[in-house]
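Structure first, then comments.
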Amino acid sequence: MEKTWRWFGPNDKITLDMLRQIGVEGIVTALHHIPNGEVWRLEEIMKMKQFIEASGLRWSVVESLPVSESIKYGGEDRDALIENYKESLRNLGKAGVTTICYNFMPVLDWARTDLDYPNDNGTTNLYFNLGEFAYFDIHILKREGAEKDYDEATLKRVSRLRETMTAEGEKRLVDNIIVKTQGFVNGNISEADLDPVQKFRDLLALYKGIDADQLRENMAYFLNAIMPVCREYDIKMCVHPDDPPRPILGLPRIVTCDADIAAFLDAVPDPHNGLTFCAGSLSAGAHNDVPALARKYADRTWFVHLRSTDVLPNGDFREASHLGGRADIIELVRIFQKANPALPMRVDHAELMLGDEKMGYNAGYSFHGRMKALGQVEGVMATVDRELSESKK
């Protein structure tokens with residue numbers, strides 16, 4: 001697989017020269033300076049493409065060309081926004097950048113409660129504490145009926161938290177759940193927002209009455225509308241699984257498991273409608289057999305995220321080593337290398353280590369931690385390549 005790296009543009013503290021030196025071949029990025037819903041002009045795309053190529057790398061994947069909320073919930077302006085999206089796709093196709101990772105998650109792209117959870121080896125990592133997340137939902141967001149979405153054990157955790165929670169602790173949860181994990185990727189909320197909780201409530205309200213079936217219908221509407229452009233320019237659309245792979249905050253989630261993946265692929269059977277196989281997101285659901293999903297959907301996978309998680313009995317999960325956890329990355333490399341050795345692959349959320357914590361990197365996107373992960377995965381890839389070569393003799 002092609003070794004790629006998520007990079008956040010010329011202002012990223014991690015430079016393209018650094019990435020070339022550690023063996024990165026392709027860049028995964030976006031035009032983050034363009035607001036959601038606006039057209040990506042060809043000149044802007046070419047400017048980014050040429051900047052990347054000047055460092056001896058290539059723009060392998062767009063992550064992401066954001067799908068506006070109105071398209072997801074079916075607002076009055078969704079057709080106009082889809083036309084803008086199609087125009088952006090045409091321009092990307094003309095530039096030769098033809099793998100597009102996107103998501104169809106309402107409001108919240110991904111959720112963690114702790115961005116620097118301590119590991120036994122002195123590093124830190126991302127963590128999802130279900131009790132703290134429920135506390136945020138019930139006592140900070142104050143979502144109507146939120147208590148009904150949690151089991152008794154989780155509600156007991158919330159009650160214990162309420163006895164010790166401070167104003168500083170509540171601010172940390174707000175920052176981690178709806179600001180720091182969202183704002184750096186064309187998110188709905190930024191650090192400049194004065195009242196992010198109220199803005200978040202307003203966004204949730206847009207989905208009142210939208211259940212999973214309606215969201216699936218809206219996704220199919222969007223995909224059917226853009227498929228003619230995808231066919232014209234051979235653009236591969238690859239949706240990212242929901243993270244975490246479960247309904248949250250009263251919002252439907254529709255890319256969480258085998259049945260969900262089959263549903264959106266069957267709804268729009270065009271091969272340009274495909275999957276970003278994010279092993280980390282899928283492994284965060286104890287219901288998912290990640291290698292089995294990889295085998296089943298390898299022929300509709302156009303981009304791979306390699307990371308892994310440990311799921312705890314109480315519903316918490318934490319990012320694991322790229323050679324550990326329940327994703328079984330070694331087996332995933334075997335599956336995808338055999339299915340399509342040209343697939344772009346990037347390592348994902350990694351440890352903060354060796355001074356990463358002082359650099360102000362975007363949450364989950366450290367340099368040394370991801371460099372270590374890339375080295376681990378590169379070694380696995382080399383071993384698998386040898387296995388495949390020897391099996392052909």
Side-chain angles (χ1 to χ4, degrees), residues 30-45 61-95 97-109 182 185-190 199-242 250-255 260-261 263-276 300 302-303:
L31 302 184
H32 295 295
H33 60 288
I34 297 179
N36 287 5
E38 292 189 10
V39 172
W40 288 16
R41 294 184 296 110
L42 181 58
E43 307 93 277
E44 289 292 317
I45 294 167
V61 179
V62 172
E63 186 177 350
S64 63
L65 180 57
V67 179
S68 300
E69 295 297 331
S70 186
I71 295 175
K72 296 175 186 175
Y73 65 76
E76 293 182 359
D77 58 345
R78 73 166 170 178
D79 288 335
L81 289 165
I82 288 173
E83 287 304 313
N84 284 357
Y85 203 99
K86 289 162 65 176
E87 186 63 22
S88 296
L89 288 177
R90 288 188 190 95
N91 291 336
L92 285 163
K94 291 173 185 177
V97 185
T98 56
T99 301
I100 315 296
C101 174
Y102 71 104
N103 77 71
F104 219 79
M105 290 178 257
V107 182
L108 203 61
D109 284 0
Q182 308 298 315
V185 285
N186 297 81
N188 291 309
I189 294 175
S190 75
K199 185 172 182 179
F200 194 71
R201 291 190 188 106
D202 294 341
L203 288 164
L204 292 179
L206 297 172
Y207 286 87
K208 187 175 182 180
I210 304 294
D211 61 10
D213 288 340
Q214 184 62 58
L215 190 62
R216 288 190 184 96
E217 184 178 320
N218 293 349
M219 183 178 181
Y221 184 95
F222 163 71
L223 288 169
N224 279 314
I226 66 172
M227 280 298 109
V229 178
C230 294
R231 288 191 288 269
E232 181 179 359
Y233 292 98
D234 194 23
I235 291 171
K236 294 178 174 63
M237 297 294 297
C238 32
V239 72
H240 191 288
D242 299 336
L251 298 168
R253 309 279 262 189
I254 58 172
V255 191
D260 285 350
I261 296 170
F264 88 81
L265 292 177
D266 290 345
V268 183
D270 191 303
H272 295 90
N273 170 34
L275 176 67
T276 293
R300 293 288 289 276
W302 305 129
F303 185 29

Please report the interatomic distance [atom1]([X]) to [atom2]([Y]), rounded to the nearest 0.5 Å.
{"X": "Leu92", "Y": "Ile45", "atom1": "CG", "atom2": "CD1", "answer": "4.0 Å"}
{"X": "Asn224", "Y": "Met219", "atom1": "CG", "atom2": "CE", "answer": "11.0 Å"}
{"X": "Arg41", "Y": "Leu31", "atom1": "CZ", "atom2": "CG", "answer": "10.0 Å"}
{"X": "Leu89", "Y": "Leu65", "atom1": "CG", "atom2": "CG", "answer": "5.5 Å"}

Short question: side chain of [X], backbone of [Y] - any donor-acceptor pair under 3.5 Å?
{"X": "Arg90", "Y": "Val229", "value": "no"}
{"X": "Thr276", "Y": "Cys238", "value": "yes"}
{"X": "Asp242", "Y": "Ile254", "value": "yes"}
{"X": "Asn84", "Y": "Gly37", "value": "yes"}
{"X": "Tyr85", "Y": "Ser68", "value": "no"}
{"X": "Ser88", "Y": "Trp40", "value": "yes"}
{"X": "Lys72", "Y": "Asn218", "value": "no"}

Please give me the minimum heavy-atom distance between [X] and [Y], naming the atom from each residue.
{"X": "Gly93", "Y": "Thr98", "result": "CA-CG2, 4.3 Å"}
{"X": "Leu108", "Y": "Met105", "result": "O-CB, 3.6 Å"}
{"X": "Phe303", "Y": "Cys101", "result": "CD2-CB, 3.9 Å"}
{"X": "Leu265", "Y": "Asn273", "result": "CD2-O, 3.4 Å"}
{"X": "Leu251", "Y": "Pro106", "result": "CD1-O, 3.5 Å"}
{"X": "Val239", "Y": "Leu275", "result": "O-CD1, 3.6 Å"}

**Report entry** Exceeds 12 heavy-atom contacts within 6.0 angstrom, atom CD of Glu76
**Finding:**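 At most 12 heavy atoms, drawn from other residues, nucleotides or ligands, come within 6.0 Å of this atom.
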Query raised in the report: Among side-chain atoms of Asn91 and Tyr233, is any donor-acceptor pair under 3.5 angstrom?
Result: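 Judged by distance alone, the side chains do not pair up.
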Query raised in the report: For residues His33 and Glu44, is any side-chain donor paired with an opposing acceptor at under 3.5 Å?
Result: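 There is such a pair between these side chains.
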**Report entry** Identified side-chain contact (heavy atoms from CB on, under 4.5 Å) counterpart of Ser70 within the set Asn36, Asp77, Ile82, Leu206
**Finding:**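 Exactly one candidate clears the test, Asp77.
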Query raised in the report: Are Phe104 and Phe264 near enough that their ring centres are under 6.0 Å apart?
Result: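 Not close enough - the centres of the two rings lie 6.0 Å or further apart.
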Query raised in the report: Less than 4.0 Å between a side-chain N and a carboxylate O, is that true for Asp213 and Arg216?
Result: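 Between Asp213 and Arg216 there is a salt bridge, with a charged N closer than 4.0 Å to a carboxylate O.
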